[in-house]
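This report concerns only the one structure given below.
Being a predicted model, the structure only gives us computed values, none of them experimental. Every number for a ligand or one of its atoms is a count from 1 in the order of the listing.
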Amino acid sequence: DAKRSGKNSFRFYAREMNAQAAEMLRLDNSMPQGLVNGDFYLHYQPQLNLEDNSVVAVEALLRWRHPELGMIPPDRFIPLAEESGFIIKLGEWVLRTACAQCAAWQQDGPAPLRIAVNVSGCQFNEPDFVDMVSTALSSSGLSPEYLELELTESLLISNEQQALQKLQLLKSMGIYLAIDDFGTGYSSLAYLKHFPLDRLKIDKSFINDILTDPDDAAITEAIIAMGHSLKLKVIAEGVETREQLLFLEDRGCDEMQGYYLSKPLSEHDLKVFITARAADSAKETT
Ligand code: C2E
Ligand code: MG
Ligand code: MG
Ligand code: MG
């Protein structure tokens, strides 16, 4: 009967929950050791300037190969690290590694590339966040104009006054500031004019249906127009097809990132990618 099966399904549910909680705990506990063991590493996804077809930047994306469980996607482990607080250490490692890698590209090629690094809210809210960024820059020798921080809307509006102060400090150092996943937050748009931002990154959920859903097309066009009137660059993420690219190009979007250009690449594969593009464009002009 209903009552009994209700109880059974509750038991089943509870067991599932426990298994899930246990797995989460296991992941969470193995992160510090994973960082020591070198199980975390970065991949780099190129960003294309639509005006001149050049690749001038990459986004650093964190990867975790768990020794027993294999690859764990960031959408699973980042929220856990945010809850436990380990994201502070992990995020610092990401920033230092990204800055060091970017400085190495400037020295040895393939080309000087700006690097965009994702920042979690709890990381940004640490009192010494700005110092940490400044140390990552100075110890890598990277000039600040090669670093961009990707922040989220919710991070900026949770403590507006404090956020504004930090952003002004970062901006005065010469670092670029972008809003990631733009359009998915609950923020009022008023904050855009107060914060010293450089770039809006249109969330990939809009780009995904840009050709089939008139609402997503309208939102994308509105973000581009608004960004430009606020003197911001606009980049689209999650571009997977040529048709999406043409749509964005036609609407005046400045840059794009997505599988259509390249998936996130290892350091080695990025070098191959950049070198091959440079060779192609040299061929075109000769
Ligand atoms: P995000 O910052 O919005 O990064 C873009 C995500 O979209 C990446 O997923 C990327 O691999 C994926 N992507 C790129 N091009 C395409 C495409 O054409 N189609 C589709 N469907 N997806 C595409 P990834 O690497 O799994 O990262 C997921 C999220 O995890 C990131 O979203 C970011 O919020 C977070 N994350 C990754 N690395 C870090 C990090 O170092 N620190 C922090 N705090 N968060 C990170
Ligand atoms: Mg990002
Ligand atoms: Mg995003
Ligand atoms: Mg995101």
side-chain contact (heavy atoms from CB on, under 4.5 Å), paired with D254, selected from V234, I235, L248: V234
Sub-4.0 Å atoms of ligand 1 with respect to non-hydrogen atoms of R63: 11 (O), 24 (P), 25 (O)
Ligand-side contact atoms (ligand 1) for residue partner E240, heavy atom cut-off under 4.0 Å: 17 (C), 18 (O), 19 (N), 20 (C), 21 (N)
Ligand 1 contact on V94 by region, counting heavy-atom pairs under 4.0 Å: side chain
Any G91 heavy atom less than 4.0 Å to ligand 1: no
Atom of D180 nearest the Mg ion (ligand 3) (restricted to N/O/S, atom name only): OD1
Atoms in ligand 1 flagged as close to S120, the criterion being non-hydrogen separation under 4.0 Å: 44 (N)
Which segment of L62 sits under 4.0 Å of ligand 1 when only heavy atoms are counted: both
Short N or O distance, E59 and ligand 1, threshold 3.5 Å exclusive: yes
Any N/O pair Q123/ligand 1 closer than 3.5 Å: no
R114 NZ/CZ over Y176 ring centroid, <6.0 Å and within 45° of normal: yes
Joint hydrophobic cluster, L246 plus L261, side-chain heavy atoms closer than 4.5 Å: no
Close aromatic pair by centroid cut-off 6.0 Å: F77 and F86: no
P264 contact mode with ligand 1 (heavy-atom cut-off under 4.0 Å): side chain
Which segment of Q45 sits under 4.0 Å of ligand 1 when only heavy atoms are counted: side chain
N/O/S atom name from D181 that is nearest to the position of the Mg ion (ligand 3): OD1
Proximity winner for atom 6 (C) of ligand 1, if only heavy atoms of K204, R76, E150 are counted: K204
Residue part near ligand 1, for V239, under 4.0 Å between non-hydrogen atoms: backbone
Under 3.5 Å side-chain donor-acceptor pair for S30 and H66: yes
Sub-4.5 Å side-chain heavy-atom contact between E255 and V56: no
Basic-acidic side-chain contact under 4.0 Å: D198, K171: yes
Min side-chain heavy-atom separation L61-Y44 under 4.5 Å: no
Aromatic centroids of W93 and Y41 separated by under 6.0 Å: no
Within 45° cone of F129 ring axis and under 6.0 Å: K166 NZ or CZ: no
Pair E148 + R199, salt bridge at N-O below 4.0 Å: yes
Degrees at the Mg ion (ligand 2) between the OD1 atom of N118 and the OE1 atom of E150, nearest 10°: 90°
Shortest-distance N/O/S atom, E59 versus the Mg ion (ligand 2): OE2
Whether H43 lies under 4.0 Å from ligand 1, heavy atom: no
Side chain, backbone, both or neither: K201 near ligand 1, heavy atoms under 4.0 Å: neither
Electrostatic pair E68-R26, nearest N-O below 4.0 angstrom: yes
Flag for E59-N118: side-chain donor and acceptor within less than 3.5 Å: yes
Residue-ligand contact E82/ligand 1, heavy atom below 4.0 Å: no
Min heavy-atom dist P73 to ligand 1 below 4.0 Å: no
Region of E237 that comes within reach of ligand 1 [heavy atoms, distance under 4.0 Å]: side chain
Hydrophobic cluster membership, L230 vs I219, 4.5 Å side-chain cutoff: yes
Side chain, backbone, both or neither: the part of D180 lying under 4.0 Å from ligand 1 by heavy atom: side chain
Contact check: E237 to the Mg ion (ligand 3), N/O/S below 2.8 Å: yes
Nitrogen or oxygen atoms of Q257 and ligand 1 under 3.5 Å apart: no
